[in-house]
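These numbers come from a predicted model, not from an experiment. Heavy atoms only: backbone and side chains are in, while hydrogens, waters and symmetry mates are out.
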Amino acid sequence: MQHLEYMTAAYILIWVAILLYFLSLSKREKAIWKELRELRAALTKDNTP
Amino acid sequence: MPLFFIQSLAILQKDLKIEWRTRERLGAMAFFAFLVVLIFNFAFEPASPIVKTAAPGIFWIATVFAGLLGLSRSFAIEKQNDCLMGLRLTPADPGAIFLGKMLGNAIAMLILAALILPVLVVFLNVEIAPALPRLILPILFGTLGFAAVGTLFSAMSLNTRLREALLPMLTLPMLVPALLAAIESFRAVLAGHPLSKIADWLVLGGAFVALFVAACLLLFECVLED
Amino acid sequence: MHRRPYILPFVFGMLALIGLAIAPYLVFVYAGIEKEMGLAQKIFYYHVSSAFAMYIGFSLCFVFSIRYLWKRDKRCDLWAACSAEVGLLFCSLVLLTGPIWAKPVWGAWWVWDAQLTLTLVLWLIFVAYFMLRTHIEDPVQNARFRAVLGIVGFLNVPFIHYATKLWRTHHPEVVRGEEIGLPPDMKTAFFFCVLTFFMLFFALLFKRVSVEKARDELESLKAEMRA
C-alpha cells in the first residue's frame, strides 16, 4: 500500500471542498428565500389595508 | 493616412506633450527602476556569477514594476478636470484612443529600458554592448505586450477602489507569457546566441502583441463607455 | 414570482450523486494499482477530471462574456460570473491535488511543469476576476469590465500553454508522468470520473445560478420598495 496517505489526503480534500461549497450555496439560497418571503408578505400586507 | 491613425497620433502627441511639460512620470519611473536594480544587488553576493544569470530577470522586473507605476498615472491624469469625458466626447474612435495611449506608454517604457541597460552594465557588470542590436527585438516585443495589456487594465482600474493595488493584480498574471518570452530571449541573446535560436520565443512575443493589441482595440470601446 | 421548478439542477445533481457513488468503486477497486506510482496514481482520476471541469467553467465564462458584451443581457453576465466561480473552485482543486500527487511521484511539492504553471496562472487571472467583481461599485461597469477580463484571460490560455511548454524544455529535469496509453480498466474508471465531474460541474453551476437569480430578485424587490 504505497502512498496511501497522499491518496487519502487528496480525495478527502476534493470531497470536503465540494461538499462545503454546496452547503454554503444551500445556506445562502435558504437565507435569500427567507428574506424574499418575508419581504413579499410585508408588501402584500401594506397593499391590502 | 487613415483617420484612425491620425486620431491615435493626436492622442499620442497630447500625452507626449503633457509628459514633456511636467516630466514627472518618466522621472519617477526611472528612479524607481534604478532603485529596483540597486536593491536586487543586495540580494546576491557581489560579483557572483548568479548576478549575471539573473540579469535578464532583474532587467524585466525593474522595467515592469516601474512601468506599472507609470501606467497607473496614464489614465489618472485624464481624471483631473474630467478629461476622460472630454476624450469620450471627441469624435475619435475608442480604438484610436487606446492605440494612442498604448503607444505613449510603450514609448515611456522604451525610454525606461534604454535607461536601465547602462545601469545593468555598471552595477551588475554585464556585457551588453556586443548583444545590443539583437536585444532590440525582445525589448520591443516585451514593452509592446506590456503596454497593450497594461493600458487596457489601467483604464479599467481607474474607477475602482484600491486602484494602485488592482492594476498589478490584473496585469501581471496576464503578462506571464510575454514576460517569459522577453526574459528567455533576453537571456539567450546575452549568452551570445543568434536570433534564429530564439525564433520560437520571438514568434510567441510577436503573436502575443498582435493578438492583445487587436483584442484591446475591439474591447476598449466597452471599457470607455459610460 | 414563484419558486421556479428546478428540473435541470435536480437531474444533474442526481446524475452527479449517482456518479460520485459509483466512481470510488471504479477508482479504488476496479482499476488496478499502477506499479511505479502506487496509490498516488489514483489521485489522477479526480485531478484530471477537475481540470476538465475547470476548462468547461472558464470557456463558458468566455462564451457568456462575449455574449454579454454583444447583447448586453444581464443574464449572460450572471451566467458568466457563475461559471467562472465554479470553474475557479475546480481550478483550486486541481492546484491542491497536483502537489499531493507530485510529492510522492516527483519528490517535490511543486515542479514548474507546463500544465501546473498554466493552471496556476489561470487561477491568478480568475482570482483577479473576482477582485474586480468586489471592487467596482457601479454594477453595469462591473459586468462590462469583468466580461473584458473573462475574454482576454481565456484568449491568453494558448499563449500561456505554449510559453510554459517552451520554457519547460529549458529545464529538462522535469519529467511528466505519462498518461497516454492507460490500460483499459484505468481508462474506464478515468472516463467515468470525467463524466461524473461533468455532471457535478453543471449541478453546481445550476445551483449557483439559481442562488444568484434569487439574490437579484431580492435586490430588485428591495429597490422597488425603496422607490
Side-chain angles (χ1 to χ4, degrees), chain B residues 98 145 148-150 152-153 155-185 187-188 191 197-216 218-226, chain C residues 62 65-72 77 88 91 112 114 116-171:
Chain B
F98 169 79
V149 176
L152 177 74
F153 288 141
M156 267 165 64
S157 58
L158 186 64
N159 287 327
T160 58
R161 285 170 268 153
L162 36 94
R163 182 197 313 158
E164 285 78 12
L166 204 61
L167 180 62
M169 279 193 271
L170 291 171
T171 311
L172 290 176
M174 211 57 91
L175 211 62
V176 166
L179 261 184
L180 268 179
I183 291 175
E184 289 294 321
S185 44
R187 196 198 308 281
K197 196 122 189 234
I198 49 167
D200 284 349
W201 286 117
L202 291 179
V203 169
L204 176 72
F208 185 89
V209 171
L211 184 108
F212 271 83
V213 169
C216 295
L218 286 174
L219 292 173
F220 206 62
E221 196 183 342
C222 309
V223 175
L224 271 195
E225 77 187 63
D226 211 18
Chain C
F62 175 66
S65 297
I66 290 180
R67 220 183 130 73
Y68 173 74
L69 287 185
W70 191 4
K71 305 268 182 196
R72 299 302 163 107
D77 171 58
L88 192 63
C91 186
W112 289 101
L116 270 177
T117 316
L118 168 62
T119 316
L120 179 63
V121 175
L122 269 181
W123 189 81
L124 291 172
I125 289 175
F126 278 88
V127 168
Y129 182 95
F130 286 101
M131 294 258 187
L132 212 54
R133 185 173 199 192
T134 32
H135 290 295
I136 300 178
E137 274 144 53
D138 177 36
V140 182
Q141 202 174 47
N142 189 320
R144 243 180 17 234
F145 286 5
R146 265 184 302 111
V148 171
L149 183 61
I151 293 169
V152 181
F154 192 76
L155 284 180
N156 211 353
V157 169
F159 287 99
I160 308 168
H161 182 73
Y162 186 62
T164 46
K165 248 197 156 126
L166 215 57
W167 179 55
R168 188 179 65 98
T169 52
H170 290 250
H171 303 249

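- Top candidate by heavy-atom pairs under 4.5 Å with chain B, chosen from C:F145, C:W123, C:Y129, is C:F145.
- With a threshold of 4.5 angstrom between heavy atoms, C:I160 approaches chain B through its backbone and through its side chain.
- Under the 4.5 Å side-chain criterion, counting only non-hydrogen atoms from C-beta, B:L219 is in contact with C:L69.
- Applying the ring-ring contact (aromatic ring centres under 6.0 Å, His included) criterion to C:Y162, with sequence neighbours excluded, gives no partner residue.
- Using a 4.5 Å cut-off between heavy atoms, B:L204 touches chain C through backbone and side chain atoms alike.
- For the side-chain contact (heavy atoms from CB on, under 4.5 Å) with C:M131, the qualifying choice from B:L170, B:T160, B:L166 is B:L166, the only one to do so.
- For the options C:L124, C:V121, C:I136, C:V152, heavy-atom pairs under 4.5 Å to chain B are most numerous at C:V152.
- The salt bridge (charged side-chain N to carboxylate O under 4.0 Å, His left out) test with C:D77 is passed by exactly one of C:R72, C:R146, C:K71: C:R146.
- Using modelled atom types, no side-chain atom of B:T171 and backbone atom of B:P168 make a donor-acceptor pair closer than 3.5 Å.
- In this structure, C:R144 contributes its side chain and B:C222 its backbone to a donor-acceptor pair below 3.5 Å.
- Contact annotation for C:T134: only backbone heavy atoms (N, CA, C, O) come within less than 4.5 Å of a heavy atom of chain B.
- At a 4.5 Å heavy-atom cutoff, B:F220 makes no contact with chain C through either its backbone or its side chain.
- Only the side chain of C:I151 comes within less than 4.5 Å of a heavy atom of chain B; its backbone N, CA, C and O stay farther away.
- Contact annotation for B:A181: neither backbone nor side-chain heavy atoms come within less than 4.5 Å of a heavy atom of chain C.
- The contact between B:L152 and chain C is made entirely by side chain atoms (from C-beta outward), counting heavy-atom distances below 4.5 Å.
- Between C:W167 and C:W112, the angle of the ring planes goes over 60°, which puts this pair in the perpendicular group of the 30/60° scheme.
- The number of heavy-atom neighbours closer than 6.0 Å to CZ of C:R67, taken from other residues, nucleotides and ligands shown, is 12 or below.
- At a 4.5 Å heavy-atom cutoff, the contact between B:V176 and chain C is made by side-chain atoms alone.
- B:A165 does not touch chain C: none of its heavy atoms, backbone or side chain, sits under 4.5 Å away.
- Heavy-atom pairs under 4.5 Å with chain B were tallied for C:L120, C:N142, C:L149; the largest tally goes to C:L149.
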